[in-house]
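It should be emphasised that the depicted structure is a prediction, and the values quoted were computed from it without experimental measurement. Below, chains carry the letters A, B, ... as their sequence lines are ordered, and counting in each starts from 1.
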Amino acid sequence: MDTFEKHPDLPPPVSEVGVIGWLRKNLFSSPSNSVMTIAALYLLYLAIPPVIKWAFIDADWVGNTRAACTSGGACWVFVGARFEQFMFGFYPQAEHWRVLLTWGIFAGLIGLLIAPRIPGKIWIGSFTLFVFPFIAYNLFHGGVFGLPVVTTSQWGGLMLTLILSTVGIVCALPLGILLALGRRSKMPILKSVCVSYIELWRGVPLITVLFMASVMLPLFLPQGVDFNKLLRALVGIALFQGAYVAEVVRGGLQAIPKGQFEAASSLGLSYAKSMVLIVLPQALKMVIPGLVVTFIELFKDTTLVSIISLLDLLGIVQAGLTDPKWLGMTVEGYVFAGLFYWAFCFGISRYSLHLERRFETGHKR
Amino acid sequence: MSDQTNQSLAPSKPRPWKNPRVHGWVAQITLLLGVVLFFAYIFHNTQVNMQAHGISTGFSFLSQPAGFGIIQSLIPYTPASTYGRTFLVGLLNTVMISVLGIFFATIVGLIIGLARLSHNWLIAKLAAIYIETFRNIPLLLQVFFWYFAVVETMPSPRQSLHIGDVIFLNIRGVYLPEPVFGPGSGFILGALILAIIAVIFIKRWAHNRQMRTGQQFHTVWVSLGILILLPLLTFFAVGAPLTWSLPKLQGFNFTGGLAVIPELTALVIALTIYTASSIAEIVRSGILSVSHGQTEAASSLGLKRGHVMRLVVLPQALRVIIPPLTSQYLNLTKNSSLATAIGYPDLVNVFAGTTLNQTGQAVVIIAMTMGVYLSISLLISLFMNWYNHRKRLIER
């Protein structure tokens, strides 16, 4: 009597697994897909080799002057020769260590703040918010402890971009939170003031706000009072960004269930306490990704200050391109600036995705 | 006795200075006073400052001659025209660039968004790279790149790049053939309008009939036929009154044809590419937001693939897509003000730039410029609210 004998499983057909299977499934699953794949490959073939040839193979890397660029590819010598200016603007070279030191401290503080499981974050945070700005200003500007004074008109490049975006977001956050609370309030006058503020700033382009800050602010102040261009731009950016932050925070406030507000008041907490202790911690945690997106937008928008002739990273690259000694370096300059902005924005947005996953603690039902 | 108990049980009325409602009103009135005082203070300072600089405020400057030329205007404009006309020219240019940008950005964004969802790995990855690249580079940098690194490095008019003998591309801009409509063109336009009205009626009739009897009607094909055939027949009936004006090289420059100035080209390309990357993400998230169960349910009802998309997925996806899409359109309109950085004569450039410098009327001019953008965004938010209300999910 034959006994049933199980044959070993046959391996799957070679066309369904491995590289070939993957190719068939993902690139050539249907005639139209095959056509698209081949067209895309052809386009890549047209685009990529010349770019690589231009940027790497034919490029000139070493030298100090334009004469070093002979091979017809990209002239990275231009970027190399002007690198310090792109980073620090017209900040005196002997004082660069002050800028580096300040950003070093800042990076350290931020690192401590975002690292998980470090005790005393509240103290680090307060230090960063309330003490560090004074240290930073004194280091940048000088005039104390025998540091030579460097006026704000000499600040520029990446340094200025970072100052504009960090100061902008730090000033905009409290303003935005207050506006969001005001917009959610039941008091009619308060609410309408906040709503008009938010809608007014969100309805106009940043350029007009910057124009306003640079042209109209001096008119608004009493005669004789004047402050410098950088501060004017900062005021404009903070007021503008506050409205955007307010809308993001409002989204978080709306997502907090009514029970939380009611529970807070039934415990006898005052409005301020219930907001600070119960509602805002939950709301702000929820809107961190949104706030990061606002920050990225702000970071990109700081480029507009070059229109009111502040030399941020893009402004100083643009100014360098008009130097008669380096005419025709436009593509190199823009590619360099573009890579910098891209790396910053992409890095921050990836970090925000990571935060989103870390904070996902069950508000989704 | 019982009276007394009731009285003690009733909540005691708080004293006015301890009543939270009174607190609220006091705070609000203080706020209002503060705002009013703040504006009064600013107003006073402005008046004093303007008097010190010898600037008289008001709208009277709008009727003075401007005295400067504008490289592109949709309405007749000469340096002898008034500042009021300058404002109008700038406004129309802003509107034109926004409309062009919105049109192209929607098309490119839709294509990239759908490509990102493609089952083809290569296409999906390329779309992802496109989105991540252009979303993370400041728009101003992109505008500069297209203007200074691409458009400005085009060859001179004599060495123009060209497609056949009709389209020319050089440093002065893009030259396209321009249609010139002869007498009788009005009839074609009339025919087109008639065709559109007819299509609307046919659609309504077909819908009603389907609701009543269940019979379907080939609305799409019939409509297309009417839309194309009716104007085409009229076109030939009135004797084909259309000629093309071709650009021709004369001396150092081109004459004839439709010239698109390089600033416009660079700006439209940059706005399109930048905004399309955001629109693509919106389209993708909208389509992904429709749960797979909906598609399966539709297929199990026996709907064809096209119908599943058109009747089930798209209407639900649009509810998610339209609100952020309108705010992208709004962003594009506001971003069109970057035109001023490369000298395209939009509202900010000719009005808040040149006119302000010439007249010194900072307050009025900035207020008018902001007012324009503000009205556009308020109009769009009104539309948004109306749309959201119309398309809101009506649940049980």
Are [X] and [Y] close enough that some pair of their side-chain heavy atoms sits under 4.5 Å apart?
X	Y	value
B:Tyr274	A:Lys300	yes
B:Thr46	A:Phe220	yes
B:Leu141	A:Thr303	no
A:Thr37	B:Ile123	no
B:Trp25	A:Pro188	yes

I'd like to know whether [atom1] of [X] has more than 12 heavy-atom contacts from other residues, nucleotides or ligands below 6.0 angstrom.
X	atom1	result
B:His44	NE2	no
B:Phe38	CZ	no
B:Leu32	CG	yes

Which one, [options], leads in non-hydrogen pairs under 4.5 Å with chain A?
options	answer
B:Val363, B:Leu378, B:Thr333	B:Val363
B:Ile29, B:Val372, B:Thr133	B:Thr133
B:Val48, B:Leu338, B:Ile376	B:Leu338
B:Tyr373, B:Phe145, B:Phe144	B:Phe144
B:Ser377, B:Gly24, B:Ala149	B:Ala149

Within this structure, what is the [atom1]-[atom2] distance for the pair [X] and [Y], rounded to the nearest 0.5 Å?
X	Y	atom1	atom2	value
B:Lys334	A:Thr208	NZ	OG1	9.0 Å
A:Glu199	B:Ser381	CD	OG	6.0 Å
B:Ser327	A:Glu247	OG	CD	11.0 Å
B:Ile365	A:Met212	CD1	CE	15.0 Å
B:Ile42	A:Leu217	CD1	CG	8.0 Å
B:Ile137	A:Phe344	CD1	CZ	14.5 Å

Indicate yes or no for a side-chain donor-acceptor contact from [X] to the backbone of [Y] under 3.5 Å, with no hydrogens or angles considered.
X	Y	value
A:Trp342	B:Phe134	no
B:Asn120	A:Asn33	yes
B:Asn49	A:Leu219	yes

- Task: List the atom of A:Gln318, the atom of B:Phe148, and the distance in Å for their closest heavy-atom pair.
- Result: NE2-CE1, 3.2 Å

- For residues B:Val348 and A:Ile207, report the shortest heavy-atom separation together with the two atoms involved. CG1-CG2, 3.7 Å

Most chain B-contacting option - heavy-atom pairs closer than 4.5 Å, from [options]:
options	answer
A:Val204, A:Val317, A:Leu321	A:Val204
A:Cys345, A:Ser185, A:Ser30, A:Ser34	A:Cys345
A:Pro205, A:Ser29, A:Gly203	A:Pro205
A:Ile296, A:Val193, A:Val215, A:Leu304	A:Leu304

Check each atom of [X] against the heavy atoms of chain B and say whether the ones under 4.5 Å are side chain, backbone, both or neither.
X	answer
A:Leu314	side chain
A:Ile307	side chain
A:Leu44	side chain
A:Val209	both
A:Met187	both
A:Ser192	neither

Using non-hydrogen atoms only, which part of [X] is less than 4.5 Å away from chain A: side chain, backbone, both, or neither?
X	answer
B:Leu140	both
B:Leu374	both
B:Thr340	side chain
B:Leu356	side chain

- Query: So which bits of residues 329-341 of chain A come within less than 4.5 Å of chain B, counting non-hydrogen atoms only?
  - Reply: A:Thr330, A:Val331, A:Tyr334, A:Ala337, A:Gly338, A:Tyr341

- Looking at A:Arg350 and B:Glu132, does any basic side-chain N land under 4.0 Å from a carboxylate oxygen? yes

